[in-house]
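Residue indices begin at 1 and follow the sequence shown. Heavy-atom basis, side chains included; hydrogens, waters and symmetry copies ignored. Quick caveat, the model's predicted, so the values are computed rather than measured.
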Amino acid sequence: MKRIHSERPADLLRAHLLRPFSALADFLYPPACSVCGISTGGHRGLCAKCWSGIRFIERPYCEVLGIPFSHDLGAGILSAEAIANPPPFDRLRSAATHDHAVRDLVHGLKYRDRTDLAPMMAGWMLRASDGAVESCDALVPVPLHRTRMLARKLNQAAELARHVARLSDKPLLASTLIRLKRTSQQVGLGAKAREDNVRGAFAIAKGCESDVFGKRIVLVDDVYTTGATVAAASRTLRKAGAADITVLTFARAISEPI
């Protein structure tokens, strides 16, 4: 049964007390488009031009890989790629294609510390999850290696997972999956090189095996390209006994619907 959250008196009082400060913040920092910076009617939104450039991934699509179809071929139809090369996860869901405004949002969070974008992005991801988050036992972000985390100070996957967990009231297992080796940047690598790069990169943290065994897990990342990273992470979760694995990303690289 879906939980219904009513506003508590304390929340209403807090909102009332913060209202003057919100008005001051709007005066000092007027609402602007999260992508291009043009003035808008509210914070954490997009202008009409940027919004129109977003290609949300909607049905019909491959039930396993989430690749959109140009025509509705009926329920349960799989893409040729999913049939020929079944992934180590059960399904993939993404909010939008990785182009135009979506790419700017990803880069803003990942490279410019725009953590203010994460709540909006997480909301789109929750909608795109097709019920997988609602039925899961926990969310697991794709981790960064500790040295890269020290340098970057932000794991965009963990930031997105944190907000999806908050919106859905689901447990977040932020430290269960760990990265054993510092891999090279995946950008610019071909599919085979990406697979080799992340082979053996992940493990379950010692003493956390029960977090995964027999559980329905949603694995969260920011972008799906060739799938090498989430495939390697999924194999680790599957080896640890995960009963069901959904990969959920904000964006995915795709050319045109098939």
Side-chain angles (χ1 to χ4, degrees), residues 62-67 78-79 81-83 85-95 121-122 125-126 128-146 148-149 155-184 186 191-192 194-253:
C62 169
E63 290 298 324
V64 172
L65 290 177
I67 300 172
L78 303 184
S79 61
E81 182 181 347
I83 296 171
N85 299 293
F89 47 82
D90 293 281
R91 68 197 61 81
L92 165 70
R93 297 292 183 263
S94 303
M121 296 165 72
M125 292 170 68
L126 181 58
S129 73
D130 196 25
V133 172
E134 185 176 17
S135 62
C136 80
D137 294 304
L139 293 100
V140 174
V142 172
L144 289 177
H145 189 266
R146 59 182 180 276
R148 184 156 286 148
M149 186 67 184
N155 177 1
Q156 68 279 1
E159 189 69 9
L160 291 170
R162 182 171 69 87
H163 285 283
V164 173
R166 178 184 59 81
L167 291 171
S168 61
D169 197 21
K170 290 290 182 176
L172 173 63
L173 305 179
S175 305
T176 295
L177 185 66
I178 59 175
R179 204 158 192 148
L180 295 176
K181 65 178 185 179
R182 179 169 180 170
T183 54
S184 303
Q186 296 279 68
K192 182 62 167 60
R194 284 173 179 252
E195 290 179 11
D196 294 340
N197 189 36
V198 295
R199 184 174 289 112
F202 301 101
I204 301 299
K206 186 176 180 180
C208 295
E209 294 81 6
S210 61
D211 290 349
V212 175
F213 187 80
K215 303 296 177 59
R216 298 175 64 88
I217 301 296
V218 171
L219 179 66
V220 178
D221 206 358
D222 58 340
V223 181
Y224 182 96
T225 48
T226 66
T229 299
V230 295
S234 295
R235 290 188 186 97
T236 299
L237 293 170
R238 190 74 79 189
K239 187 177 179 181
D244 186 270
I245 302 171
T246 296
V247 173
L248 178 62
T249 71
F250 174 67
R252 70 164 295 155

Seminar exercise, completed: In this structure, CD of E134 is separated from CG of L126 (nearest 0.5 Å) by 8.5 Å

For this session: Could you pull out all residues at least two apart from A203 that satisfy side-chain contact (heavy atoms from CB on, under 4.5 Å)?
Result: I178, L180

Exercise. Can you tell if the side chain of T229 reaches within under 4.5 Å of the side chain of R179, non-hydrogen atoms only?
Worked result: yes

Problem set entry | Qualifying salt bridge (charged side-chain N to carboxylate O under 4.0 Å, His left out) pairs, either residue in residues 241-251, two or more places apart | R91-D244, R216-D244

Problem set entry | Qualifying residues under side-chain hydrogen bond (donor to acceptor under 3.5 Å, both in side chains), relative to T176, sequence neighbours excluded | D211

Problem set entry | Sub-4.5 Å side-chain heavy-atom contact between P87 and V64 | yes

Exercise. Can you name the closest pair of heavy atoms from F202 and P143 and give their distance?
Worked result: CE2-CD, 3.7 Å

Exercise. Looking only at heavy atoms, which two atoms of S175 and A205 are closest? And how far apart?
Worked result: O-CB, 3.5 Å

Problem set entry | For P141 against L177, the heavy-atom pair lying closest together | O-CD2, 4.2 Å

For this session: Using ring pair (Phe, Tyr, Trp, His ring centres under 6.0 Å) as the criterion, list what pairs up with Y224, not counting sequence neighbours.
Result: none

Problem set entry | Residues in side-chain contact (heavy atoms from CB on, under 4.5 Å) contact with A122, at least two apart in sequence or another chain | H163, V164, L167

Exercise. Can K170 and V218 be said to form a side-chain contact (heavy atoms from CB on, under 4.5 Å), step by step?
Worked result: CA-CA 10 Å; K170 290 290 182 176; V218 171; over 6 Å; no

For this session: Scan residues 229-239 for pairs that pass salt bridge (charged side-chain N to carboxylate O under 4.0 Å, His left out), counting only residues two or more places apart or in two chains.
Result: D90-R238

Seminar exercise, completed: Between V212 and the options T236, I245, I204, V140, the side chain to side chain contact (heavy atoms under 4.5 Å, CB included) test singles out I204

Problem set entry | For R93, all residues meeting salt bridge (charged side-chain N to carboxylate O under 4.0 Å, His left out), sequence neighbours excluded | E63, D130

For this session: Check for a donor-acceptor pair, side chain of E159 on one end and backbone N or O of A157 on the other, with a separation under 3.5 Å.
Result: no

Seminar exercise, completed: K215 meets the side-chain contact (heavy atoms from CB on, under 4.5 Å) criterion, sequence neighbours left out, with D137, I217

Problem set entry | Residue list, side-chain hydrogen bond (donor to acceptor under 3.5 Å, both in side chains) with S129, at least two apart or on another chain | none

Seminar exercise, completed: Applying side-chain hydrogen bond (donor to acceptor under 3.5 Å, both in side chains) to D221 and not counting sequence neighbours gives none

Problem set entry | Partner of V133 under side chain to side chain contact (heavy atoms under 4.5 Å, CB included), chosen from L248, T246, D169 | L248

Exercise. Excluding sequence neighbours, so at least two apart, what forms side-chain contact (heavy atoms from CB on, under 4.5 Å) with A128?
Worked result: A95

Exercise. What are the two closest heavy atoms between S94 and T249, and how far apart are they?
Worked result: OG-OG1, 2.6 Å

Problem set entry | Nearest atoms (heavy-atom pairs only) where V220 meets L160 | CG1-CB, 4.3 Å

Problem set entry | Heavy-atom side-chain contact between I67 and R252 under 4.5 Å | yes

